[in-house]
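Worksheet for the structure shown next.
Just the heavy atoms: all of them, side chains too, but no hydrogens, waters or symmetry mates, feed the values below. Please read these numbers as outputs of a predicted model, since none were measured by experiment.
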Amino acid sequence: MAAIVQDVIMLVGDSLTQRGWGQGGFAQLLSEVYCRKLDVINRGLGGYQTDWAIPICEQIFAKQHEQHHVPQVKLLTIWYGANDAAPAPSPQHVPIDRYKTNLSHIIQMVKSPTSAYYSPETRIILITPPPVNTKQWDKPNSPRVFETTRAYAGAVKEVGEKENVPVADVWTKIFDAAGRSEEACEKYLNDGLHLTSDGYNIVFQAIMDIVERVYPELDPTTRETHARMRTVFVPWGRGYFDAVLSNAEESEASA
């Protein structure tokens, strides 16, 4: 059993999120930069698309009456689309209009005051699917189409504008970094769909750029934020043991 000592960043998505814990993955990079400030919870589920994500979010988002008893989600990333964009009749395929509706639904689960999962302190970032490299992706039973994935990335930006949620446009950032060449995306995609550490670094930087510009209260790199985002437990050194005793006494008094 672990006591609640710090709040969290929650990552929801498909295998691109699930694999974010790998070496050089964006979950690992976030965990490092937010060490002793926010924990990172990874709820990426390989193969999932937005139809299947909604009932999962209903299980992993705390309801309002539960939120006092669990860590608060300070930042939520929503990253679906790589599987939604699979062409029909794939069971993963979600038509683009329903995909947009599903993304809005997940956002409103958190943002709407009438939602059972309303969490006004949670900041949200949408992430577009990255480009696919069909020259690498050699799975005829699970095909992907370059232009289709581009369209789904554009749909994420439409949802972001509609819902007033910032978007990490990693499709464009990776494609630009590859010189706008599908084949050159190989540096950022290890199999044509999933990301290398270079690809994940672009995702991480895109998230941190949004934090700096839109959610500066969550920026762990600024001196002003350090004053608000204190490290969990005081640093050792001068006054360390006095602070530990003071914290312990406060905890006993409030128990």
Between [Y] and [X], is there a side-chain heavy-atom distance shorter than 4.5 Å?
| X | Y | value |
| --- | --- | --- |
| F61 | Y118 | no |
| Y117 | V110 | no |
| R43 | L11 | no |
| I125 | L75 | yes |
| L195 | L16 | yes |
| V94 | N102 | yes |
| I127 | V156 | no |
| S104 | K162 | yes |

| said: With side chain to side chain contact (heavy atoms under 4.5 Å, CB included) as the test, pick out the partner of N42 among T17, I9, V12. | reply: T17
Side-chain donor/acceptor of [X] to backbone N/O of [Y], under 3.5 Å:
| X | Y | answer |
| --- | --- | --- |
| Q72 | D7 | no |
| S115 | M109 | yes |
| Q49 | D51 | yes |
| Q92 | G47 | yes |
| Q28 | G24 | yes |
| Y80 | Y99 | no |

| said: Suppose the criterion is side-chain hydrogen bond (donor to acceptor under 3.5 Å, both in side chains): which pairs have a residue in residues 199-216, not counting sequence neighbours? | reply: none
Answer yes or no: is there an ion pair linking [X] with [Y], defined by an N-O contact shorter than 4.0 Å?
| X | Y | result |
| --- | --- | --- |
| E66 | K63 | no |
| E158 | K100 | yes |
| K135 | E186 | no |

[Y] and [X] side chains, donor-acceptor separation under 3.5 Å:
| X | Y | result |
| --- | --- | --- |
| Q136 | E183 | no |
| R144 | N83 | yes |
| H194 | D191 | yes |
| D198 | T196 | no |

| Excluding sequence neighbours, so at least two apart, what forms side chain to side chain contact (heavy atoms under 4.5 Å, CB included) with T101? | none
| Is M10 reachable from I54 through a run of hydrophobic residues whose side-chain heavy atoms are each under 4.5 Å from the next? | yes
| note | Joining Ile, Leu, Val, Met, Phe, Trp and Tyr whenever any side-chain heavy atoms lie under 4.5 Å apart, the cluster holding V132 also takes in W137, F146, W171, F175, L193
| field | Minimal non-hydrogen separation, P220 against M208, with atom names | value | CD-CE, 3.7 Å
| task | For V8 and V40, run side-chain contact (heavy atoms from CB on, under 4.5 Å): C-alpha distance rounded to whole Å, both residues' side-chain angles, the deciding distance at 0.1 Å, then the answer. | result | CA-CA 6 Å; V8 303; V40 176; over 6 Å; no
